[in-house]
Each structure stands twice: as C-alpha cells, then as structure tokens.
Amino acid sequence: MNIFETFRESLPYLVDGFQITLLAWIVSIIIGVVLGLIACLFRLSKLAPLRGIGWLYIWLIRGTPMIVQAFVVYFGFSQALGIRMSPLTAGIITLSLNCGAYLAEIFRSGIQAVPKGQEEAARSLGMGRARTMIRIILPQAFKVAVPPMVNQFIITLKDTSILTVIGMPEIVNEAQQYIMIHLDYFETYICVALFYLVVISLLMLLSNYIEKKIGYDRKGRQA
C-alpha cells in the first residue's frame with residue numbers, strides 16, 4: 001500500500017484523533033495561560049508564602065518529565081485519591097500544568113523587561129500596585145512575551161503526542177489503532193507527521209507575523 005492509499009484509508013482515524021488533539025491543546029493553553037499568570041504573580045509577590053508556592057509549582061513541573069506527570073495524574077491520583085478520570089481529562093490537566101509552568105517564566109521575563117521607571121511613574125501619579133500592574137506593566141510585558149508564548153503553544157501541541165501513553169485518543173493513538181489492523185507503520189506515521197507539520201507551520205507563520213508586527217509598533221513609537 002502506498003502513502004496515498006494509506007492516507008485515504010487512515011484519514012477517518014487521523015481526523016478523529018486530530019480533533020481530540022486540538023481540543024486538548026486549545027483547552028490546555030487557555031488554562032495554562034491562567035495558571036502561568038497566577039504563578040508568575042506569585043513569584044513576583046512581596047509575600048514569601050506566595051513566592052514559595054509559585055517557585056514550588058514551577059520547580060516541580062519544569063524539573064520532571066511530562067510523561068511522569070501524566071502517569072501521576074492518571075494513575076497516581078486514581079490510586080491515592082480515589083479519583084477516576086478519563087484519559088482526555090488527565091491529558092488536559094497534565095498539559096495545562098506543564099504549559100502553565102513554562103508560561104509563568106515567560107510572563108516573569110516579560111514583566112521584568114518593562115523598565116522600572118514605568119512602575120515608579122505610575123505610583124507617583126497615585127496608582128496602586130494592582131492597578132499599575134494591570135494598566136501599565138502587563139500590557140507592555142504581554143507584547144514582549146508574545147513570541148515565546150506562541151513558541152510554547154507549539155511545544156504544547158507537539159507534547160500532546162506523549163499522552164498516548166495514558167490512552168488519550170489523540171492522533172498518534174488513533175494512528176496506532178489503524179496500524180494494529182493494517183500494519184502500515186511507515187506510511188501511517190508519515191501521515192501523522194504531515195498533520196502536525198501543517199498545523200505547526202501555520203502557527204510558526206503566525207508567530208513570525210506577530211513578532212514583525214510588534215517590531216514595527218516599537219519602531220513607530222521610537223520614531
């Protein structure tokens with residue numbers, strides 16, 4: 001069977017799997033952005049307990065492989081806490097925690113890239129710390145953080161393939177189901193790679209466009 005025949009035969013499997021992949025990815029990056037922002041603000045807090053919680057979360061997630069995190073969430077929580085969850089739910093939790101930890105450091109770098117004078121000027125005008133952060137610091141930090149954020153989103157999309165180990169029915173898992181019937185290893189995995197390649201290429205183009213757009217905005221303001 002050639003690759004075109006394999007693609008035609010395996011397409012229903014791959015489409016079903018890719019829908020789950022995209023669902024898990026979209027939900028995970030939304031939750032990850034929220035977790036990352038909270039962890040970032042915790043790390044920058046003046047309160048030591050909050051700084052400790054933020055540091056511990058980032059240290060644990062960034063210091064362990066995602067495949068181990070998936071096993072802990074799916075198998076460990078079930079045994080230790082008696083919580084039974086579907087592979088999709090466990091996969092989303094794992095991806096969200098992982099994405100959030102890396103985004104927290106990206107946000108922190110963006111915030112620290114904003115000149116201190118911006119905050120001092122806002123505070124001198126009577127703006128509180130929270131208002132200064134929301135109105136002045138975060139909008140500027142977001143522009144700095146956008147390119148690495150998009151890069152992290154791409155990494156998270158590719159990381160969905162790891163979750164086949166817990167049975168999440170994403171595209172790699174569905175491809176394996178097809179392979180078990182037809183034994184077309186090479187052609188099927190090439191088709192899976194093409195699915196990822198198309199979507200990730202589009203995201204890379206989006207990242208380049210945003211980076212250039214932000215660059216033009218900065219040049220315009222400086223001029």
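All values derive from a computational prediction rather than experimental measurement.
Note: T156 OG1 to L203 CG = 10.5 Å, rounded to the nearest 0.5 Å. Atom CG of N98 sits about 10.0 Å away from atom CZ of R62, to the nearest 0.5 Å. Distance check, rounded to the nearest 0.5 Å: CD1 of I20 to CD of E174 gives 8.0 Å. Between L138 atom CG and L37 atom CG the span is 6.0 Å, to the nearest 0.5 Å. To the nearest 0.5 Å, atom CD of residue E187 and atom NE2 of residue H182 are 12.0 Å apart. I155 CD1 to T160 OG1: the interatomic distance, rounded to the nearest 0.5 Å, is 12.5 Å.
A chain of hydrophobic side-chain contacts below 4.5 Å, direct or via other Ile, Leu, Val, Met, Phe, Trp or Tyr residues, connects I171 to I26. Following chains of ILVMFWY side-chain contacts shorter than 4.5 Å, one can reach I154 starting from F18, so the two form part of one hydrophobic cluster. A continuous path of hydrophobic side-chain contacts links V146 to V33 [ILVMFWY only; heavy atoms under 4.5 Å]. In terms of hydrophobic clustering, with Ile, Leu, Val, Met, Phe, Trp and Tyr side chains grouped at heavy-atom distances under 4.5 Å, V172 and M66 are assigned to different clusters. Transitive grouping of hydrophobic side chains (ILVMFWY, heavy atoms separated by less than 4.5 Å) keeps V73 and L60 in distinct clusters.
Residue V114 comes nearest to Q140 through the heavy atom pair CG2-CB, 3.8 Å, listed as atom of the first residue, atom of the second, then distance. The minimum heavy-atom distance linking I106 with P148 is given by the pair CD1-O, 3.5 Å. Considering all non-hydrogen atoms of both residues, V192 and A175 come closest at CG2-CB, 3.5 Å. Taking each heavy atom of L35 and G100 in turn, the nearest pair found is CB-CA, 4.3 Å. Between I166 and F71 the shortest heavy-atom distance is CG2-CD2, 4.0 Å. Nearest heavy atoms, I61 versus L97: CG2-O, 3.6 Å.
Environment of OH in Y196: crowded, with over 12 heavy atoms of neighbouring residues, nucleotides or ligands closer than 6.0 Å. Dense packing is recorded around CZ of F75, with more than 12 heavy atoms of other residues, nucleotides or ligands lying under 6.0 Å away.
In this structure, the side chains of F7 and I190 stay at 4.5 Å or more apart for every pair of heavy atoms. In this structure, the side chains of V68 and P65 come closer than 4.5 Å at one or more pairs of heavy atoms. For the pair S78/M85, no side-chain contact is recorded, criterion being any heavy-atom separation below 4.5 Å from C-beta on. A heavy-atom distance below 4.5 Å is found between the side chains of Y178 and D184. Using a 4.5 Å cut-off on side-chain heavy atoms (C-beta onward), R51 and L44 make no contact. M149 places a side-chain heavy atom less than 4.5 Å from the side chain of F142. With a 4.5 Å cut-off on side-chain heavy atoms, V199 and L157 count as touching. Here the side chains of W25 and F153 are in contact, with some heavy-atom distance below 4.5 Å.
A side chain to side chain contact (heavy atoms under 4.5 Å, CB included) with S28 is found for exactly one of D159, I92, L23, namely I92.
At distances below 3.5 Å, not a single donor-acceptor pair connects side-chain atoms of T164 with backbone N or O atoms of G167. In terms of modelled atom types and a separation under 3.5 Å, the side chain of S201 and the main chain of L197 share a donor-acceptor contact.
The side chain to side chain donor-acceptor pair (under 3.5 Å) check on Q177 picks up N173, with sequence neighbours excluded.
Salt bridge present: E105 and R108 bring a charged side-chain N and a carboxylate O closer than 4.0 Å.
T94 and Q69 form no side-chain donor-acceptor contact under 3.5 Å, judged by distance and modelled atom types alone.
For residues 77-133, the set of pairs meeting the ring-ring contact (aromatic ring centres under 6.0 Å, His included) definition, not counting sequence neighbours, is empty.
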What's the verdict on side-chain contact (heavy atoms from CB on, under 4.5 Å) for N151 and S207, showing C-alpha distance, side-chain angles and the deciding distance? CA-CA 7 Å; N151 185 57; S207 177; 5.8 Å; no

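Through direct or indirect side-chain contacts shorter than 4.5 Å among Ile, Leu, Val, Met, Phe, Trp and Tyr, L183 is connected to I179, Y185, Y189.
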